Protein chains: 2
Amino acid sequence: MHQAASLTTYGCPSCPMRGCGVCRMLSEAELSSIGIIGRAVPAGQDLFSQGEPCGDVFNILDGWVFLYELLEDGRRQILQFGLPGDFIGLRPSGRVPFFGAQALSQVSICAIPRHRLLDLARRRPELAFELVRIVASDESQAYERLTALGRKTAVERVATLLLELFYRIRRRAPQAAGEILRIPLTQTHLADALGLTPVHINRTLGVLRQRGVIDYGNGLFHILAPHRLFEIAGVDAETCPWPRGDDGSPPSLQ
Amino acid sequence: MHQAASLTTYGCPSCPMRGCGVCRMLSEAELSSIGIIGRAVPAGQDLFSQGEPCGDVFNILDGWVFLYELLEDGRRQILQFGLPGDFIGLRPSGRVPFFGAQALSQVSICAIPRHRLLDLARRRPELAFELVRIVASDESQAYERLTALGRKTAVERVATLLLELFYRIRRRAPQAAGEILRIPLTQTHLADALGLTPVHINRTLGVLRQRGVIDYGNGLFHILAPHRLFEIAGVDAETCPWPRGDDGSPPSLQ
DNA sequence: CGCGATTTTGAGCACCTTCAATCCGTGTGG
DNA sequence: CCACACGGATTGAAGGTGCTCAAAATCGCG
């Protein structure tokens with residue numbers, strides 16, 4: 001709550017994401033004219049819901065979010081995780097979203113009216129261009145997860161997701177060295193993201209722990225054998241599609 | 001071969017896709033300055049390959065294409081099908097593609113140098129904007145397939161894919177009424193797209209045939225009971241993310 | 001006609017699911 | 001301080017969906 005207050009009080013200049021993604025492209029004047037609203041969302045609450053029109057796109061300042069689709073009978077697929085610095089909610093305009101977005105932890109977001117952003121993008125080519133970059137990167141990640149769900153075994157899927165999260169966390173926080181990650185997901189979240197059941201996720205994590213590849217507990221994941229994790233995931237560090245540092249280099253692991 | 005010749009001979013003005021997608025946004029002068037090359041690709045050949053740099057994006061004029069990712073051991077995941085009128089190859093620039101694109105049948109394409117297109121997009125917001133629309137739409141389709149692979153059973157997946165293809169085919173060819181589709185995919189393609197084995201695809205199609213929902217053979221699929229197909233797929237005709245007609249209306253089925 | 005690719009069918013198996021019980025850490029109330 | 005509830009993690013046992021291996025049938029095509 002006070003985070004939201006601080007956002008509206010101090011505004012964009014002091015925002016930790018001022019230099020990231022879309023905001024990097026905009027002047028102070030543009031940012032203030034666009035009507036951005038800082039907001040805190042409690043854990044478990046929807047930023048927007050499946051089937052309900054939502055006129056905003058969101059910049060995630062702090063906390064994690066996940067995009068999900070629900071089937072009639074309650075089955076849930078997690079489509080993507082949103083980390084600090086990510087933009088979510090960009091999609092073909094004029095369509096009701098067929099997926100929702102929910103806060104995993106308490107989340108600080110910045111809501112940007114979609115039509116304002118798009119109006120601006122119509123006049124500012126670099127901005128429109130940045131949007132292409134963002135959506136194309138999201139698409140790459142979706143493709144990578146498709147391969148995992150369609151063609152990888154449970155162990156391979158879990159290893160792949162851990163590596164993806166490692167890359168994405170480290171990209172925004174390169175100073176945090178070491179192979180310990182804070183991942184605010186329950187095993188049920190992992191299951192819904194990877195097309196498995198919570199029970200089987202548990203056994204699979206157990207296998208990885210028993211093999212000495214990772215250790216975990218209390219929301220922390222410790223990557224003990226990075227090399228073997230890559231091997232198991234079937235991921236090539238060079239060609240993997242996950243976000244790089246701004247210099248294009250992959251975050252180091254080990 | 002002669003198709004490629006006709007493309008280079010007559011050029012863009014006579015192209016069937018002149019009024020579609022990206023090309024719609026460009027003037028004759030821009031199109032000719034951008035260095036577009038019409039080309040025919042024989043069935044089974046790659047437009048671009050996984051891991052090999054490719055400087056072009058492609059507009060599909062005729063025939064089908066599929067995007068795929070290969071794992072080390074030969075497992076293949078089909079990420080997306082490209083139909084006439086689709087744009088493929090847009091992705092974060094400067095990255096080697098982690099997936100390939102292969103012609104399903106003989107295909108007529110139009111190769112556009114990526115950097116030229118992007119340079120142009122940097123100066124023409126509506127063009128960049130159209131790119132956002134295209135990639136966002138692709139992303140939606142990827143998300144929808146993610147849900148299918150992660151949370152749907154084999155029958156549900158097959159039904160979902162058939163509906164997707166129905167929508168996409170009908171969108172570009174609304175005049176072709178009826179519920180018979182020409183789908184140039186082997187059961188192995190369906191398997192690789194849906195995360196199943198060819199054998200199980202066969203049995204699943206058999207189930208749908210036996211239930212009187214579809215009939216098929218010789219590359220043709222006949223949707224006998226559209227309503228039941230929607231039901232089985234768990235798809236809502238109103239909110240499904242597949243492309244609409246230019247007036248925003250879904251293609252009619254039944 | 002004969003060959004290769006594709007489709008179809010059968011039988012056994014495995015990965016993952018389902019159902020269920022237990023354990024554990026945390027927060028809450030008596 | 002302990003009892004209790006609650007969400008999440010863990011473990012066990014049984015079952016099913018989809019896989020593997022294999023062979024036969026069908027189709028397209030030279």
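Bear in mind that the values here come from a model prediction, so they are computed numbers and not experimental data. In the text below, chain A, chain B and the rest are named by the order of the sequence lines, each starting its count at 1.
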- Distance below 4.0 Å between B:Y216 side-chain N/O and C:dT6 OP1 or OP2: no
- Query: Think B:N202 has a side-chain N or O under 4.0 angstrom from the OP1 or OP2 of C:dT7?
  - Reply: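 Indeed not, no polar side-chain atom of B:N202 lies that close.
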How close or far is atom [atom2] of [N] from atom [atom1] of [X], stated in whole angstroms?
X      : N      : atom1 : atom2 : answer
A:N218 : C:dG25 : CG    : P     : 9 Å
B:L190 : D:dG18 : CG    : P     : 15 Å
B:Q187 : C:dT7  : CD    : C1'   : 6 Å

- With distance as the sole test, does B:Q77 use its side chain to make a donor-acceptor pair with the main-chain N or O of B:A193 at under 3.5 Å? yes
- Task: Determine the interplanar angle of the B:Y143 and A:F99 rings, folded into 0 to 90°, and report it as parallel if under 30°, tilted if 30 to 60°, perpendicular if over 60°.
- Result: perpendicular
- Shortest non-hydrogen pair, A:R145 vs A:I78, comes out as NH1-O, 4.4 Å
- Give me the residues of residues 74-82 of chain B where at least one heavy atom lies under 4.0 Å from an atom of DNA chain D, by number, or none.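 Heavy-atom cutoff 4.0 Å gives no residues at all.
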- Message: Here's a test for you: under side-chain contact (heavy atoms from CB on, under 4.5 Å), which of B:L163, B:V158, B:V235 qualifies with B:L229?
- Response: B:L163
- Just report the end-to-end axis angle for the helix from C:dC1-D:dG30 to C:dG30-D:dC1, five pairs per end, to 10 degrees. 30°
- Message: Counting distance alone, no hydrogens or angles: does the base of C:dG10 have a donor or acceptor under 3.5 Å from a partner atom on the side chain of B:R203?
- Response: yes
- For B:N59, enumerate each residue passing the side chain to side chain donor-acceptor pair (under 3.5 Å) test, keeping only those at least two apart in sequence or located in another chain. none
